[in-house]
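Notes for the one structure printed next.
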There are 2 protein chains.
Amino acid sequence: MTEGSDYQHTCLIRGDGGRMLRTVLDRIANKWTLLVVATLDQNVVRFTDLHHQVPGISQRMLTLTLRNLEKDGLVTRTVHPQVPPRVEYELTSTGRSLIPPALALAGWAIENVPEIEARRALQEE
Amino acid sequence: MTEGSDYQHTCLIRGDGGRMLRTVLDRIANKWTLLVVATLDQNVVRFTDLHHQVPGISQRMLTLTLRNLEKDGLVTRTVHPQVPPRVEYELTSTGRSLIPPALALAGWAIENVPEIEARRALQEE
DNA sequence: CGGGATCCAATACGATACTG
DNA sequence: CAGTATCGTATTGGATCCCG
């Protein structure tokens with residue numbers, strides 16, 4: 001939304017007391033959601049493939065994460081009636097629109113985490 | 001590998017298995033951090049003012065949030081030796097650099113949360 | 001004024017086992 | 001293959017009281 005000025009619109013963050021932002025954070029601010037979204041961005045993915053492509057995630061957490069994303073309309077779940085079952089997950093357009101903000105955060109992470117971790121290490125001596 | 005502009009760099013997110021991104025999320029993905037950062041972006045702020053400007057936060061959580069931000073070098077804490085004490089908080093340059101990604105997320109929130117909440121409401125009938 | 005200490009409830013997460 | 005069910009632990013956040 002073309003915020004072309006250099007004035008920092010922190011009102012966007014604090015706007016309604018931060019309720020909107022917190023609603024989003026409550027959903028994505030966990031261990032797996034953004035990783036799953038990022039993985040789905042590449043293509044339509046089956047459950048097991050997702051399980052392999054997100055290293056460390058348990059079946060339980062993958063299921064929970066996907067169910068939550070589905071409830072919010074960020075992911076579609078398609079069951080192909082076969083034996084063995086074939087279930088595919090795909091981002092909706094809303095889900096895909098989350099990628100750029102996620103990338104912004106990831107970019108910041110890559111630039112600043114090394115410094116942050118160095119600082120943490122110093123203080124734990 | 002910096003030429004493909006429309007290529008989705010989700011590798012930024014998944015890069016190291018998402019460790020960097022998760023490190024950042026572990027810090028900011030809580031109820032108060034981004035709200036405190038957004039409030040501090042405007043000026044140097046005293047503890048009590050912060051307490052009033054972030055509605056709903058408890059003293060305990062404000063203290064914890066500020067301590068964590070300080071440990072990571074995103075916020076400076078300045079104690080003025082007076083009675084009664086005067087303690088001021090301010091963003092570091094690293095802390096200020098977090099504002100744009102936070103705004104990106106907040107912008108996404110404002111555009112999409114209404115739809116998400118409508119969908120949630122439908123499913124809880 | 002700016003916290004710290006303590007207690008408590010809720011939730012998030014992981015491990016394991018089982019199933020149509 | 002794609003889950004569900006159950007259990008146990010760790011972490012998070014809120015409430016309250018106290019202190020220099």
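So that the names make sense, note that chain A is the first sequence line, chain B the second, and so on, each numbered from 1. Quick note: numbers below take in every heavy atom, side chains included, and nothing from hydrogens, waters or symmetry partners.
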In whole angstrom, what separates B:R46's CZ from C:dG2's C1'?
->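 To the nearest whole Å, that distance equals 9 Å.
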Find the distance B:Y89:OH to C:dC1:P and express it as a whole number of Å.
->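 Atom-to-atom, B:Y89 to C:dC1, this comes out as 14 Å.
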Residues in side chain to side chain donor-acceptor pair (under 3.5 Å) contact with [X], at least two apart in sequence or another chain:
X     : answer
A:S97 : B:W108
B:R19 : A:E117
A:T39 : B:R14

All side chain to side chain contact (heavy atoms under 4.5 Å, CB included) counterparts of A:V83, not counting sequence neighbours |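 So A:V83 forms no side chain to side chain contact (heavy atoms under 4.5 Å, CB included) with any residue.
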Residues two or more places apart in sequence or in another chain: which of them pass side chain to side chain contact (heavy atoms under 4.5 Å, CB included) with A:T78?
->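 For A:T78 the side chain to side chain contact (heavy atoms under 4.5 Å, CB included) partners, ignoring immediate neighbours, are A:H80.
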Any residue meeting salt bridge (charged side-chain N to carboxylate O under 4.0 Å, His left out) with B:R86, in chain and number order, not counting sequence neighbours =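 In terms of salt bridge (charged side-chain N to carboxylate O under 4.0 Å, His left out), with neighbours along the sequence ignored, B:R86 is linked to B:E88.
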Partners of A:R119 by salt bridge (charged side-chain N to carboxylate O under 4.0 Å, His left out), sequence neighbours excluded?
->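 Testing A:R119 for salt bridge (charged side-chain N to carboxylate O under 4.0 Å, His left out), a comparison that skips the adjacent residues, returns A:E115.
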Along DNA chain D, 5' to 3', what are the outermost nucleotides having an atom less than 4.0 Å from a heavy atom of chain B?
->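 Nucleotide range in contact with chain B: D:dG13 to D:dG20.
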Qualifying side-chain hydrogen bond (donor to acceptor under 3.5 Å, both in side chains) pairs with a residue from residues 60-69 of chain A, counting only residues at least two apart or across chains =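 Listed by first then second residue: A:R67-A:Y89.
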Listing, residues 28-35 of chain A side-chain donor-acceptor contacts under 3.5 Å, not counting sequence neighbours, or none:
| unit_1 | atom_1 | unit_2 | atom_2 | d |
| --- | --- | --- | --- | --- |
| A:N30 | OD1 | A:W32 | N | 3.1 |
| A:N30 | OD1 | A:T33 | N | 2.9 |
| A:N30 | OD1 | A:T33 | OG1 | 2.8 |
| A:N30 | ND2 | A:R27 | O | 2.7 |
| A:N30 | ND2 | A:T33 | OG1 | 3.0 |
| A:T33 | OG1 | A:R27 | O | 3.3 |

Nucleic acid footprint by protein, nucleotides 4-20 of chain C - heavy-atom cut-off 4.0 Å, B for base, S for sugar-phosphate alone = S-B------BBB----B
For the helix from C:dC1-D:dG20 to C:dG20-D:dC1, figure out the bend between the end axes, five pairs an end, and round to 10 degrees.
->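 Roughly 50°, once rounded to the nearest ten degrees.
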Steps toward salt bridge (Lys or Arg N to Asp or Glu O under 4.0 Å) verdict (A:R120, B:D72) | CA-CA 6 Å; A:R120 285 182 191 172; B:D72 290 352; 2.8 Å; yes
